[in-house]
Every structure is written in C-alpha cells, then in structure tokens.
S.K.: 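Mind having a look at this structure? Questions to follow.
These numbers were taken from a predicted model, which means no experiment stands behind them.
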Amino acid sequence: MSAPAIRAGHVAARLSAAGLAPHATDHADLTYIETELPGLVDVETWREVLAALEEADCFGLVTSANGRRVWAAFGNEATATVDAVRGHGLQL
C-alpha cells in the first residue's frame, strides 16, 4: 500500500470515528476521500473533522442545495514535490 493510501486510510478512519461515512476513490495521481455532513454538526465533531482533514495535501468543503460534504486529496507524488508545487496548507 502506498504512503498516500495509508494517509488517506488514516483520515478516513478519523472521519468514521467522528460519526461520518467517508468513501475513497483512487486515481492515477491521487487518492480522494469525501463524506457527507449531517445538517447540524457539533463543535467537537467539527474539530475532529478539521484535524483529520489537515493531514491531507489539500481539502475543502462543498455546499449545495443537496447538502454539504468535505473532501480530502492525497497526491501520489513525493511529498516534497507536492509541497513545492501546491504550497503546503495554502488553499485558493
């Protein structure tokens, strides 16, 4: 199992422990995890979700008429390459 897949599995486990139901999708260049959020999320759950997501190379929140979901992506490139190209922790 690749390092990104291991990291993605760790984040998925943390999201599951927070009461969510994440699912992963593997692509050639990244592993992608997403999960729907319930209508109301308590403060402790938000803290755990954010703490889990910050382990990803990039993450986000999508809000639509159908609800909200969070996602996280883990690049299959070397970590140094990902940080140099994307700027670790910076989201535009």
Side-chain angles (χ1 to χ4, degrees):
M1 186 178 285
S2 68
I6 292 169
R7 291 175 44 228
H10 183 248
V11 169
R14 289 183 71 180
L15 293 172
S16 292
L20 303 174
H23 59 279
T25 307
D26 290 317
H27 299 277
D29 58 342
L30 61 86
T31 299
Y32 182 80
I33 294 177
E34 67 180 334
T35 186
E36 299 291 324
L37 294 172
L40 296 175
V41 179
D42 63 75
V43 172
E44 265 318 298
T45 300
W46 269 118
R47 284 186 183 135
E48 181 56 31
V49 167
L50 292 174
L53 292 176
E54 73 181 0
E55 294 183 36
D57 293 327
C58 56
F59 62 88
L61 169 69
V62 177
T63 302
S64 70
N66 296 328
R68 296 178 299 172
R69 64 184 165 85
V70 293
W71 60 267
F74 303 83
N76 292 332
E77 304 139 2
T79 304
T81 304
V82 171
D83 289 349
V85 172
R86 295 189 183 124
H88 188 72
L90 300 176
Q91 300 294 312
L92 300 177

S.K.: How far does CH2 of W71 sit from CD1 of I33, to the nearest 0.5 angstrom?
M.R.: 12.0 Å
S.K.: Closest heavy-atom contact between A72 and L53?
M.R.: CB-CD2, 3.8 Å
S.K.: The criterion is side-chain hydrogen bond (donor to acceptor under 3.5 Å, both in side chains); which residues satisfy it with R47, sequence neighbours excluded?
M.R.: E44
S.K.: Listed by chain and number, what are the side-chain hydrogen bond (donor to acceptor under 3.5 Å, both in side chains) partners of E48, not counting sequence neighbours?
M.R.: R14
S.K.: Between V41 and R68, does a side chain to side chain contact (heavy atoms under 4.5 Å, CB included) hold up when you go through it step by step?
M.R.: CA-CA 11 Å; V41 179; R68 296 178 299 172; 3.7 Å; yes
S.K.: If you measure from CG on D26 to OG1 on T31, what distance do you get to the nearest 0.5 Å?
M.R.: 4.0 Å
S.K.: Kindly assign one of parallel, tilted or perpendicular to the pair H27 and Y32, based on the angle between their ring planes and the thresholds 30° and 60°.
M.R.: perpendicular
S.K.: Would R7 and D57 satisfy side chain to side chain contact (heavy atoms under 4.5 Å, CB included), going step by step from the backbone distance to the final call?
M.R.: CA-CA 10 Å; R7 291 175 44 228; D57 293 327; 3.1 Å; yes
S.K.: Does N76 use its side chain to pair, donor to acceptor, with the backbone of P4 at less than 3.5 Å?
M.R.: no
S.K.: What is the distance from atom CG of L20 to atom OG1 of T45, rounded to the nearest 0.5 Å?
M.R.: 7.0 Å
S.K.: Test side chain to side chain contact (heavy atoms under 4.5 Å, CB included) on F59 and V49 and set out the steps.
M.R.: CA-CA 11 Å; F59 62 88; V49 167; over 6 Å; no
S.K.: What heavy-atom pair brings P22 and A12 nearest, and what distance separates the two atoms?
M.R.: CG-O, 3.4 Å
S.K.: Looking only at heavy atoms, what is the nearest atom pair of L15 and A52, with distance?
M.R.: CD2-CB, 4.2 Å
